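Right, one structure below, let's go through it.
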Amino acid sequence: MNIWFTGTGQFAALCLDALTRRGVTFTRIITGNPTRSGRNNKENPSPVEIMAANLGLTVTRTGKLSENQELISALDSENPDVIFVIDFGQIIREPFLSRMCLNIHPSLLPEYRGAAPIQRALLDGHDRTGVTVFRLAKAMDAGEILEQRCVGIREEDNASDVYIGLAETGCEVAARALKNPEGFTFTPQDDSLATIAPKLEKQEFLLAAESSATKFVNTVRALDMSGGAYIIADGKRLKVWRARLREDLSGNAGEIIMSDGSPVIMCRDSGVELLEVQSEGKRRMTGREWSAGLRGKVWKV
């Protein structure tokens, strides 16, 4: 088959790697233009471009895809059978949209259409999610479904764990479907069941000890790949990268106590053990390492 790959972000990079490992060959790989940063205006290639280089593959950079005349011409001359569009960061328009454009989305569509499906599933406390291979349509994440697979979420899974697992599972499903393209069968989504996964807002990253311990832990799990959730302890920001429920403990909300050498922050209904944290300007460390530096001081959030 003549297959194009179009993607820019980290999820797309993981999928490019996973599909390639499963024997899928791409005749063209398209990615967004590099960003620039720093005093020297340094060029930063996209995660897909970096992954492609690691795989020995060549990429085509583009700004707005629908305005790239070179790629529009190539669309006609090369006539791809399938175009994967994953984590691209652009709305796909004609003449590309009318082709067989497939997306791998990390949710069980029509659940969690939008920018943050994994994070929203964890924030909502779900113990399962899934992945959907579907055909792009004009409406966001609303195209017809080719394949889906449900995936469980373990209590200890953070968003980054789920993210990697869904990329692998989605590519396994997609690669299997590509073995029989004549058998592609699409099922319309039921729009009445659709839920939205909007992008994360700044205020969602601040952890509240007045919330339930379950909500506190779910927020930590959901935001670990988005910069990390945090508390304000003793006037300073403390990021919490991993945490777990301590339903055997209770106390005054906001107080940090010690339990068997580990710091536990008390929430409204029970405790949360801080397993991995990071103080401002410091490296990540275990909760035990951090609490050793408190020298017996009782902190309150």
Side-chain angles (χ1 to χ4, degrees), residues 1-20 22 24-35 45-49 51-52 55 57-107 109-110 113-115 117 131-148 167 170-171 173-189 191 194 196 199:
M1 295 181 69
N2 181 0
I3 305 173
W4 286 12
F5 184 96
T6 305
T8 296
Q10 188 60 46
F11 189 74
L14 291 175
C15 288
L16 176 62
D17 178 48
L19 287 168
T20 301
R22 287 170 171 79
V24 179
T25 301
F26 300 103
T27 56
R28 186 180 286 271
I29 299 171
I30 302 166
T31 192
N33 287 326
T35 59
S46 74
V48 163
E49 184 168 348
M51 179 61 74
L55 297 171
L57 304 174
T58 302
V59 302
T60 300
R61 294 173 172 178
T62 186
K64 286 189 177 181
L65 182 63
S66 59
E67 298 177 2
N68 190 316
Q69 293 303 315
E70 178 184 345
L71 287 174
I72 291 173
S73 297
L75 188 66
D76 289 331
S77 61
E78 298 177 19
N79 193 27
D81 300 299
V82 171
I83 305 173
F84 276 100
V85 182
I86 304 171
D87 192 15
F88 186 43
Q90 294 186 32
I91 296 173
I92 301 301
R93 307 183 189 279
E94 298 297 353
F96 297 90
L97 188 61
S98 58
R99 300 295 183 122
M100 180 63 72
C101 291
L102 298 181
N103 180 271
I104 298 175
H105 186 78
S107 83
L109 292 173
R113 294 175 178 175
V131 67
T132 303
V133 181
F134 73 102
R135 185 171 185 173
L136 290 188
K138 286 185 178 180
M140 180 186 65
D141 298 335
E144 295 181 323
I145 294 171
L146 176 61
E147 296 276 356
Q148 284 187 313
C171 291
V173 171
R176 184 183 62 191
L178 288 175
K179 293 179 180 179
N180 182 29
E182 295 80 9
F184 279 6
T185 302
F186 292 92
T187 304
Q189 294 188 40
D191 291 338
I196 304 301
K199 69 178 183 178

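Keep in mind the model is a prediction, meaning the values are calculated, not measured.
Expressed to the nearest 0.5 Å, how far OG1 of T187 lies from CZ of F134 amounts to 14.0 Å. Going from atom CG of L178 over to atom CD1 of I3 covers 4.5 Å, rounded to the nearest 0.5 Å. For the atom pair CG (L109) and CD (Q189), the distance works out to 4.5 Å, reported to the nearest 0.5 Å. In this structure, T31 OG1 and F88 CZ are separated by 7.0 Å, a value rounded to the nearest 0.5 Å. Considering CG of N103 and CD1 of I86, their distance stands at 6.5 Å, rounded to 0.5 Å. Rounding to the nearest 0.5 Å places CG of L102 at 5.5 Å from CZ of F184.
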Quiz prompt | Worked check of side-chain contact (heavy atoms from CB on, under 4.5 Å) between I83 and I92 | solution = CA-CA 11 Å; I83 305 173; I92 301 301; over 6 Å; no
Quiz prompt | Audit row: F5, V24, side-chain contact (heavy atoms from CB on, under 4.5 Å) steps and yes/no | solution = CA-CA 10 Å; F5 184 96; V24 179; over 6 Å; no
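Annotation: salt bridge (Lys or Arg N to Asp or Glu O under 4.0 Å) contacts of R99 (sequence neighbours excluded): D76. Partners of A142 under the side-chain contact (heavy atoms from CB on, under 4.5 Å) rule, at least two apart in sequence or in another chain, are R113, A139. Partners of T27 by side-chain contact (heavy atoms from CB on, under 4.5 Å), not counting sequence neighbours, listed by chain and number: N2, W4. With sequence neighbours excluded, the residues that form a salt bridge (Lys or Arg N to Asp or Glu O under 4.0 Å) with E78 are R28. The side-chain contact (heavy atoms from CB on, under 4.5 Å) search around P188 returns E144, not counting sequence neighbours. Not counting sequence neighbours, the partners of K199 by the side-chain contact (heavy atoms from CB on, under 4.5 Å) test are A115, E201. Scanning for side chain to side chain donor-acceptor pair (under 3.5 Å) contacts around S98 gives E94, with sequence neighbours left out. Under the rule for a side chain to side chain donor-acceptor pair (under 3.5 Å), the partners of S107 that lie at least two apart in sequence or sit in another chain are H105. When the salt bridge (Lys or Arg N to Asp or Glu O under 4.0 Å) test is applied to R176, the partners found at least two apart in sequence or on another chain are E147. With sequence neighbours left out, the side chain to side chain donor-acceptor pair (under 3.5 Å) criterion links T132 to Q148.
Distance alone, capped at 3.5 Å, places no donor-acceptor pair between the Q10 side chain and the D87 backbone. Judged by distance alone, the side chain of D141 and the main-chain N or O of G114 form a donor-acceptor pair under 3.5 Å. In this structure, T8 contributes its side chain and G32 its backbone to a donor-acceptor pair below 3.5 Å.
Between R22 and C171, the shortest heavy-atom contact is CD-O, 3.8 Å. The two atoms that bring G170 and V133 nearest to each other are O-CG2, 4.1 Å, heavy atoms only. Between N68 and T62 the shortest heavy-atom distance is ND2-OG1, 2.9 Å.
Under the salt bridge (charged side-chain N to carboxylate O under 4.0 Å, His left out) criterion, the residue pairs touching residues 58-73 are E43-R61, E49-R61, with sequence neighbours excluded.
Of the residues listed (I30, I72, V85), the one engaging F96 in a side-chain contact (heavy atoms from CB on, under 4.5 Å) is I72, and it is the only one.
Annotation: side chain of P181 is not in contact with side chain of D81 (no heavy-atom distance under 4.5 Å). In this structure the side chain of F186 reaches within 4.5 angstrom of the side chain of L146, judged on heavy atoms.
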Using atom types as modelled, flag every donor-acceptor pair under 3.5 Å from a side chain in residues 11-20 to any protein atom, sequence neighbours excluded.
residue: D17; atom: OD2; partner: R21; partner atom: NE; Å: 3.2
residue: D17; atom: OD2; partner: R21; partner atom: NH2; Å: 3.4
residue: T20; atom: OG1; partner: L16; partner atom: O; Å: 2.7

